[in-house]
Amino acid sequence: QLGVPAGVLKVDPAAFHLDYTTESVGLYLEAASRLRCPRLLRDTVLAPAAKELSSRRVLSLLERVVLYTADLDNSEMVFRDLEKSEVRQPPEAPEKAIDETTEDASEDLVTNEQVILAFCQVIQRLCARLDAVDFRLTSALAAGSPWASLEVMKAYRVKVDTVGRVNYAFQSVTSTMKSFFYEEEQPSQQQKQEWKEHHFSLHVFRKHIIESALNSQDAGIRAIAEHALEDVDEGSKGWSDDEGDATKTNREHYEVDVPEAICDHAAPSVLASLSGFVPFVDATLTPPVLSGALVRSLLVIREKEKARVIFEKVFVRSKKTQAMVTTGHIPVDFLGGVKSHRASSLVLRKLLSRYGTMDRQELCYLLGNVLLQEFIGEKHCMDLILHHSLVPDLVVYCRVNSRGAREAVSAGRFEFAPVLRLREVGEQLFGATFVIHNGFLPTADSSIDPLGAGETGSHWPVSSSISSPECPWDTGDLDLELLAYAPPGEAAMELSRKVLLRGLFRRQRAGVESDVPTVVRLWALGRWSSCDDAALVAEAFRFVTNSWKSLQEAKASARSAAVNATSADATSTPTDEGVHAGVPSATALADLMNQEEAIFGMFVELQYWRLQPRDLMTPWAPPQLLACRIAATCKQLDRENHDLSQQSAANVLELNRLRRILLALYEKLEHVEQRSTQSHQKQLEVMETLRAIR
């Protein structure tokens, strides 16, 4: 018989006739709580005598009932239900377990759930019978299990909404905004303490997180928790809100927090049972470490959007919340909601610094979605991440660890798709930061074709005539094909040409990847037809002349080999594939001609008319090029001569026109002088006449 104590199961339940009075109803309720008897709990709280109790006696009963729920924990049950369903189930109607190994264990779980439901109903009834003035949130109402305290909180919210916050605040004005702690037990001096919903919820959070660590079955966690509590300052010694101290200020109470070591080891089941208090907490007033616990509790029950809202409110001032993103306790996509804050870039940079130990998909998400889509437009992202020395390392890591991925996927090996995604993200990051990091070239000014003692690169050898590697382009970590993903713009194009020439010179001297087809393919990345920088054109011309020289040497070697072969076997019959009279085979000749044509095309792309005459003083430039240069120079000189002739003729015409103007002015000047002389004579005559009259 459900609800009857186990020792009297064979007794007729109808034989129980309890005489409830206002004096005994409290004893019966306490007995039912001890016996965990759902039926007796319900009958007692619904008895007429229980309804006649005064508000203060009801409050006393409520505190005792809540206290009896302390060892009746449903956190494991809630966590187990969450693992089985995406939808959170309330404690009032938990699902029945289906994974128990025995029938008795299943029956015990059902009984436990019904006991919890009965306690919830009792707490709701008692809270409803409290007067608004007597219903105060104190540590006594938080002494039980989390679900019991949550029922009290819900009932308190209903009571406040019913009575009205203004009236209730007026009735309880003498007890509002007290500290988190009670005074030490001194019945003659201790004052009744009241908290608001925020403080009560934080107290429950703190209390159960600390107790779960201290009572953990893992000895290591217990030792960590005890050590963390020993290191707490004297002002918050013990980390218990049950010890009041009237001498402390509200600010000191506000600053009380949970040690990080304890918060880090909080069990998911405990956080799940505490998640119901999050709506009652003011996130802007929550201590930093507890703020992280709030977010984690919502994530445990899969309330991701609610957790995101809390995270955005506490992120800036909570270092713990920021650290939880880097440790993986909080999803990294939450950073998108706080990307306007400078701290978000610091957190993202700390995450990216772990690229070496990070999963490929996670790294791709951080780079492709978070950094290059959400954060790329923020100024602090540009200053703290994109300009940081971490970016070249990321680009190199993505490139080196994804070699051959595109070819593998093209061949149908789709297991390399994540590796290909890493390569694509690296190419995007390269394009976004190419100009910022000066093309990933050495910071110190150096020649495009450095010489000196050399070493061996990471991915291709370097001859002794090449200087030691100074950048990823020198070691081969970054291949020249990556220049195809450089951003548009003249600045990026100039850097691309510098990188290209640097790499081609090193490969040419090392004898690696220096064959004509490869060089011609890479040469197209420079877009040399639009290059108007005379210095770069001169360096490019020097490289192409070196290639032409190498080709001529190859032709001479082929002829020498053919002559030696002919001398060694003078009587051999020539074939289509052989040699004849010191002439290389047709295939070798065709190949050499194709290479010569390709290199000549490289010459043609350059604006060689920008070169100085000293740059052309080399025997390894094609004569056609020199002829074109001379023809272009002559044409330019003819054009200049023609322009000078036209200007000279125009000047002569202008001089003649000015000469005519001068002649006309000279004639006018003479006429004016004559009239001036006549006027002077007339004036003298007038003066003489005036004297005569006098």
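Just so it is clear, the values below take in all heavy atoms, side chains as well, and ignore hydrogens, waters and symmetry mates. Treat the numbers as computed from the prediction; the structure is a model and nothing was measured.
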**Prompt:** What's the verdict on side-chain contact (heavy atoms from CB on, under 4.5 Å) for L335 and V332, showing C-alpha distance, side-chain angles and the deciding distance?
**Reply:** CA-CA 6 Å; L335 288 176; V332 70; 3.9 Å; yes
**Item:** SB check D264 K320 (cutoff 4.0 Å)
**Value:** yes
**Item:** side-chain contact (heavy atoms from CB on, under 4.5 Å) between M324 and T327, intermediate numbers included
**Value:** CA-CA 5 Å; M324 291 172 68; T327 58; 4.2 Å; yes
**Prompt:** Hey, is K339 close enough to E374 for a salt bridge, meaning N to O under 4.0 Å?
**Reply:** no
**Asked** In terms of the angle between their ring planes, are F315 and H341 parallel, tilted or perpendicular, with boundaries placed at 30° and 60°?
**Response** tilted
**Request:** Measure across C263 and V258 and return the closest heavy-atom pair with its distance rounded to 0.1 Å.
**Result:** N-CG1, 4.2 Å
**Request:** Evaluate side-chain contact (heavy atoms from CB on, under 4.5 Å) for Q361 paired with C364, printing each intermediate quantity in order.
**Result:** CA-CA 5 Å; Q361 294 183 352; C364 291; 5.6 Å; no
**Asked** Do NZ/NE/NH1/NH2 and the carboxylate oxygens of E539 and R497 come within less than 4.0 Å?
**Response** no
**Donor-acceptor under 3.5 Å (T518 side chain, S514 main chain)** = no
**Prompt:** Between R502 and D474, is there a side-chain N and carboxylate O pair less than 4.0 Å apart?
**Reply:** yes
**Ring centroid separation Y485 to F434 under 6.0 Å** = no
**Exercise: identify the closest heavy-atom pair between I262 and A213** = CG2-CB, 3.8 Å
**Prompt:** Does the pair R406/E427 count as a salt bridge with the N-to-O cut at 4.0 Å?
**Reply:** yes
**Message:** Are the side chains of V409 and E415 in contact, using a 4.5 Å heavy-atom criterion?
**Reply:** no
**Side-chain H-bond candidate by donor/acceptor type, Q508 with S547, under 3.5 Å** = yes
**Prompt:** Between R399 and D477, is there a side-chain N and carboxylate O pair less than 4.0 Å apart?
**Reply:** no
**Complete:** For L495 and G439, the nearest pair of non-hydrogen atoms, with its separation, is CD1-N, 3.8 Å
**Message:** Is there a side-chain contact (heavy atoms from CB on, under 4.5 Å) between K549 and T618? Walk through the geometry before answering.
**Reply:** CA-CA 10 Å; K549 176 183 178 182; T618 173; over 6 Å; no
**Fill in**
So OG of S345 and CG of L384: to nearest 0.5 Å the spacing works out to 5.5 Å
**Asked** Heavy-atom distance under 4.5 Å between the side chains of C471 and F440, does that happen here?
**Response** no
**Request:** Please name the pair of heavy atoms, one in L351 and one in V325, separated by the smallest distance, quoted to 0.1 Å.
**Result:** CD2-O, 3.7 Å
**Contact check, side chains of P331 and K304, non-hydrogen atoms, under 4.5 Å** = yes
**Message:** Less than 4.5 Å apart, side chain to side chain, heavy atoms only: is that true for L386 and L371?
**Reply:** yes
**Message:** Treating S402 as the side-chain partner and V419 as the backbone partner, does any N or O pair qualify as donor plus acceptor under 3.5 Å?
**Reply:** no
**Message:** Main chain of T321, side chain of S318: is a donor-acceptor contact present, judged purely on distance under 3.5 Å?
**Reply:** yes
**Least distance between heavy atoms, P487 atom then A492 atom** = O-CB, 3.2 Å
**Item:** Salt bridge present between E305 and R308 (N-O < 4.0 angstrom)
**Value:** yes
**Message:** Could you check whether any side-chain heavy atom of L299 comes within less than 4.5 Å of a side-chain heavy atom of F334, counting everything from C-beta outward?
**Reply:** yes
**Asked** Looking at R423, R521, R403, which hits salt bridge (Lys or Arg N to Asp or Glu O under 4.0 Å) with E481?
**Response** R521
**Request:** Measure from the side-chain N and O atoms of R509 to the backbone N and O of F505, and report whether any donor-acceptor pair falls under 3.5 Å.
**Result:** no
**Message:** I'd like to know if the side chain of Q607 reaches the main chain of S529, judged simply by a donor and an acceptor atom lying under 3.5 Å from each other, with no hydrogens or angles considered.
**Reply:** yes
**Asked** Do D615 and R610 meet the salt-bridge criterion of a basic N to acidic O distance under 4.0 Å?
**Response** no
**Complete:** The complete set of side-chain hydrogen bond (donor to acceptor under 3.5 Å, both in side chains) pairs with one or both residues in residues 381-397, sequence neighbours excluded, reads K379-D383
**Fill in**
Interatomic distance, CZ@F311 vs CG@L298, rounded to 0.5 Å, equals 13.0 Å
**Rounded distance [0.5 Å steps], OG in S297 versus CD1 in I209** = 8.0 Å
**salt_bridge(R360, E424) N-O dist < 4.0 Å** = no
**Request:** Not counting sequence neighbours, which residues clear side-chain contact (heavy atoms from CB on, under 4.5 Å) with E362? List them please.
**Result:** M358, D359
**Message:** For a 4.5 angstrom cut-off between non-hydrogen side-chain atoms, does L551 reach W620?
**Reply:** no
**Fill in**
Between the CG atom in L366 and the CG atom in L394, the distance rounded to the nearest 0.5 Å is 10.0 Å
**Asked** Nearest 0.5 Å, what's the CG-CG distance between L429 and L367?
**Response** 6.0 Å
**Request:** Mind listing the closest non-hydrogen atom pair of L611 and L616 along with its distance?
**Result:** CD1-CD2, 3.9 Å
**Request:** Could you tell me the separation between the OG1 atom of T433 and the CG atom of N438, rounded to the nearest 0.5 Å?
**Result:** 12.0 Å
**Prompt:** Is any side-chain heavy atom of M602 less than 4.5 Å from a side-chain heavy atom of W548?
**Reply:** no
**Side chain to side chain, W523 and V544, heavy atoms closer than 4.5 Å** = yes
